[in-house]
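See below for the structure under consideration.
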Amino acid sequence: RIATTSTPGSKTTVLSDPTVSLFSALRKDSTFDPPEFVLNDGDELSLGEEKIAEGERLHRLCAVIQYLLPGIPSLYYGDEECLDGCRDPFNRAPFDPKREKLYDYYVMLGTMRNKYCALKNGSFEIETPTPDVIFLIRESEEEKILCAVNRSDAEYSLGDVKTVSPLSAEIFITEKE
């Protein structure tokens, strides 16, 4: 619902229901404008395999958050292949998709977005049990989805036998009857 008020010389538009904006917002985690999570030897930085692996894990965390937030996730050209980014004009060069790196991860996230009503239009809640762990909770009449994101260097226990490894995320789906 949109309410508009006017006074001489100005007009104010107010959303009386902010969820409209929340659920229609475009969610981007990269545009290759700044240097990316992983930089190549062609840039001024050269990282070892350990840093590259850490960059890919961080990229996964950003992607899962982006795809579980309300709104429309945007996958920038090359993110699924962990393209290095660089700077203009090399950040938008043609590439031959190899369907490696994060390709299957993005396919899984996109498939989940299409399959579960909770990710399309379900309620949304964030909990932060620690400064380094967040829970993204999406719920609809059909299912409840909990995504536990752990950005710390230590394993996080959810109780029972469920744990979240360091620098990773786990998604738990409960279908309602």
Side-chain angles (χ1 to χ4, degrees), residues 17-32 34 36-38 47 49-85 95 97-177:
D17 183 2
T19 59
V20 173
S21 292
L22 180 65
F23 281 84
S24 62
L26 182 65
R27 304 278 175 227
K28 300 189 315 180
D29 73 349
S30 76
T31 61
F32 283 132
E36 288 301 306
F37 297 107
V38 180
L47 304 174
E49 290 299 317
E50 184 178 313
K51 282 293 186 185
I52 290 172
E54 180 182 349
E56 288 180 17
R57 287 192 303 273
L58 291 171
H59 195 124
R60 285 176 185 267
L61 293 183
C62 287
V64 75
I65 291 169
Q66 177 189 31
Y67 274 71
L68 268 82
L69 284 172
I72 304 160
S74 173
L75 176 62
Y76 190 77
Y77 173 88
D79 279 352
E80 74 280 12
E81 298 280 343
C82 286
L83 285 187
D84 298 341
F95 77 100
K98 295 174 179 52
R99 298 186 176 202
E100 296 176 346
K101 305 275 184 174
L102 297 178
Y103 179 84
D104 290 336
Y105 193 67
Y106 275 104
V107 168
M108 181 272 298
L109 292 173
T111 301
M112 282 182 54
R113 286 282 302 200
N114 289 329
K115 180 178 179 179
Y116 295 107
C117 292
L119 296 178
K120 294 177 189 173
N121 53 20
S123 64
F124 174 66
E125 186 179 340
I126 294 179
E127 293 180 12
T128 54
T130 77
D132 289 322
V133 175
I134 63 170
F135 296 158
L136 304 172
I137 303 162
R138 302 292 308 269
E139 189 168 1
S140 68
E141 291 181 11
E142 293 82 9
E143 65 264 333
K144 180 175 182 176
I145 298 174
L146 166 70
C147 177
V149 179
N150 180 6
R151 70 176 189 162
S152 77
D153 294 331
E155 188 172 83
Y156 181 81
S157 176
L158 294 164
D160 299 333
V161 294
K162 297 176 184 171
T163 60
V164 183
S165 298
L167 284 178
S168 68
E170 293 291 336
I171 301 170
F172 305 96
I173 301 169
T174 306
E175 306 228 6
K176 297 180 179 178
E177 293 181 15

Under 3.5 Å donor-acceptor, [X] side chain and [Y] backbone:
{"X": "Arg138", "Y": "Ser123", "answer": "yes"}
{"X": "Glu143", "Y": "Cys117", "answer": "yes"}
{"X": "Ser157", "Y": "Gly159", "answer": "yes"}

Hey, could you give me the [atom1]/[atom2] distance between [X] and [Y], rounded to the nearest 0.5 Å?
{"X": "Arg113", "Y": "Tyr106", "atom1": "CZ", "atom2": "OH", "result": "13.0 Å"}
{"X": "Ile171", "Y": "Tyr67", "atom1": "CD1", "atom2": "OH", "result": "12.0 Å"}
{"X": "Met108", "Y": "Lys115", "atom1": "CE", "atom2": "NZ", "result": "12.0 Å"}
{"X": "Thr130", "Y": "Asn150", "atom1": "OG1", "atom2": "CG", "result": "7.0 Å"}
{"X": "Ile72", "Y": "Leu69", "atom1": "CD1", "atom2": "CG", "result": "12.5 Å"}
{"X": "Leu136", "Y": "Gln66", "atom1": "CG", "atom2": "CD", "result": "12.0 Å"}

Hey, are the side chains of [X] and [Y] touching, using non-hydrogen atoms and a 4.5 Å cut-off?
{"X": "Glu139", "Y": "Glu125", "result": "no"}
{"X": "Val164", "Y": "Val133", "result": "no"}
{"X": "Cys147", "Y": "Val64", "result": "yes"}
{"X": "Leu68", "Y": "Val149", "result": "no"}

Considering all heavy atoms, the nearest [X]-[Y] contact:
{"X": "Ile145", "Y": "Ala118", "result": "CD1-CB, 4.1 Å"}
{"X": "Arg151", "Y": "Leu167", "result": "O-CD2, 3.5 Å"}
{"X": "Met112", "Y": "Ile173", "result": "CE-CD1, 4.2 Å"}
{"X": "Glu56", "Y": "Leu102", "result": "O-CD2, 4.3 Å"}
{"X": "Pro166", "Y": "Ala154", "result": "CG-C, 3.7 Å"}
{"X": "Ile137", "Y": "Glu127", "result": "CD1-OE2, 3.5 Å"}

Sole candidate of Ile126, Thr128, Leu158 that passes side-chain contact (heavy atoms from CB on, under 4.5 Å) when paired with Phe135: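 Among Ile126, Thr128, Leu158, the one meeting side-chain contact (heavy atoms from CB on, under 4.5 Å) with Phe135 is Leu158.
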